[in-house]
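Data first, discussion second: the structure below is written as structure tokens.
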Amino acid sequence: MRILVVDDEKTLVKGMKFNLENEGYEVECAYDGAAALELAREGRFDLIILDVMMPEMDGLEACMKIREFSNVPIIMLTAKSEVFDRIQGLEMGADDYIVKPFSPGEVMARIRAVLRRIPAAAEKEMLVIGELSIPLPSLSVTLSGHKLNLTRREVELLYTLAASPGRVFTRDNLLTIVWGYEFAGNYRAVDSHIKRLRAKLDAYPHDTFTIATVW
């Protein structure tokens with residue numbers, strides 16, 4: 001698997017590259033958001049580790065732009081005090097974040113968790129509801145014959161809802177199932193992802209399902 005590590009702290013990048021390669025990953029490095037965006041466009045990576053504070057283009061903007069064309073898993077690196085940035089990162093499509101300073105063990109645990117993350121209830125290879133098809137584990141989604149450009153998190157969220165038609169999920173339910181317990185209480189992430197998911201689904205006709213809000 002290929003991982004792109006992006007941070008303007010070259011010593012940190014060098015250490016992460018060393019540790020990741022020892023675990024068997026192929027690693028490419030970049031030192032600013034603009035370079036990360038260009039490399040991501042080549043589509044050769046299985047995961048991107050992206051720092052928030054960088055020159056040229058910060059990690060939040062880079063994450064948002066990458067999400068316009070790719071659902072590659074993204075882990076954000078943030079300073080301990082950057083709570084707002086962590087929330088923003090999740091809203092813009094990041095899959096997880098790691099708070100600096102961190103240990104090599106934590107990095108590896110986060111990477112493994114993100115790469116294997118898919119609802120555990122996925123026993124079928126294909127989930128179909130009317131015009132909607134979700135083949136697993138490819139995480140690609142088609143609606144009325146059109147392939148949707150969804151992020152990994154959006155696919156997981158859509159699958160969770162579609163696999164239990166008629167069930168009412170609270171925000172806490174979805175945070176626990178899709179994001180994990182460590183994101184408890186981050187309702188903005190749920191709301192923003194649902195909003196984007198609805199917009200992408202509404203771009204094509206579908207009469208057999210809807211994502212409804214229940215008060």
Side-chain angles (χ1 to χ4, degrees), residues 50 52 59-76 78 82-97 110 113-114 116-215:
L50 190 62
V52 170
L60 295 174
E61 184 178 358
C63 178
M64 181 176 65
K65 289 183 178 295
I66 290 170
R67 281 291 173 253
E68 293 175 359
F69 60 85
S70 174
N71 67 352
V72 61
I74 296 175
I75 297 177
M76 305 293 294
T78 73
E82 295 168 348
V83 177
F84 178 72
D85 288 339
R86 296 201 293 273
I87 294 172
Q88 272 201 316
L90 294 172
E91 290 179 343
M92 290 179 179
D95 295 271
D96 204 346
Y97 63 82
R110 295 282 188 176
V114 168
R116 70 170 178 260
R117 190 178 287 151
I118 189 68
E123 297 176 356
K124 300 179 181 178
E125 291 189 2
M126 177 80 76
L127 176 63
V128 179
I129 297 181
E131 309 89 346
L132 178 70
S133 297
I134 310 175
L136 299 170
S138 69
L139 298 183
S140 61
V141 175
T142 59
L143 178 60
S144 300
H146 301 275
K147 184 177 180 179
L148 301 185
N149 182 24
L150 303 184
T151 68
R152 174 178 289 260
R153 191 76 77 182
E154 288 167 350
V155 175
E156 292 169 356
L157 183 58
L158 179 60
Y159 178 85
T160 299
L161 297 172
S164 300
R167 175 181 171 182
V168 177
F169 291 87
T170 66
R171 291 183 179 89
D172 283 323
N173 291 155
L174 295 174
L175 282 167
T176 300
I177 295 168
V178 180
W179 278 263
Y181 69 90
E182 66 267 33
F183 298 112
N186 187 10
Y187 299 146
R188 284 174 53 186
V190 177
D191 292 345
S192 60
H193 276 71
I194 289 289
K195 181 179 179 180
R196 284 200 302 270
L197 188 54
R198 278 177 169 149
K200 292 178 180 181
L201 293 171
D202 288 345
Y204 303 104
H206 55 281
D207 301 323
T208 54
F209 72 93
T210 185
I211 298 178
T213 299
V214 178
W215 297 97

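Going from atom CZ of Arg196 over to atom CD of Glu154 covers 5.5 Å, rounded to the nearest 0.5 Å. Here the OG1 atom belonging to Thr151 is positioned 13.0 Å from the CD atom belonging to Glu68, to the nearest 0.5 angstrom. For the atom pair CG of Leu201 and CG of Leu148, the computed distance is 6.0 Å after rounding to the nearest 0.5 Å. Remark: Leu161 CG to Leu174 CG distance equals 6.0 Å, nearest 0.5 Å. With values rounded to the nearest 0.5 angstrom, Leu197 atom CG is found 13.5 Å from Lys195 atom NZ. With rounding to the nearest 0.5 angstrom, the CD1 atom of Ile134 is 4.0 Å from the CG atom of Leu158.
With sequence neighbours left out, the side-chain contact (heavy atoms from CB on, under 4.5 Å) criterion links Asn173 to Arg167, Phe169, Thr170. Taking the ring-ring contact (aromatic ring centres under 6.0 Å, His included) definition, one finds that Phe69 meets it with nothing, sequence neighbours left out.
The heavy-atom pair separating Ala62 from Leu50 by the smallest distance is CB-CD2, 4.1 Å. A pairwise comparison of heavy atoms in Ser70 and Asn149 identifies N-OD1, 4.2 Å as the closest pair. Here the closest non-hydrogen pair linking Asp207 and Glu131 is N-OE2, 3.0 Å. Between Ala94 and Met76, the shortest heavy-atom distance links the atoms CB-CG, 3.4 Å. The two residues Arg171 and Asp191 come nearest to each other via the heavy atoms NE-OD1, 2.8 Å. Thr160 approaches Glu156 most closely through the heavy-atom pair OG1-O, 2.8 Å.
Looking at heavy atoms from C-beta onward, Leu60 lies out of side-chain contact with Met64 at the 4.5 angstrom threshold. At a threshold of 4.5 Å between non-hydrogen side-chain atoms, the residues Phe209 and Leu143 count as touching. Residues Asp202 and His206 are in side-chain contact: their nearest non-hydrogen atoms beyond the backbone lie under 4.5 Å apart.
Using a distance-only test at 3.5 Å, with no hydrogens or angles considered, a donor-acceptor pair links the side chain of Arg67 to the main chain of Val72.
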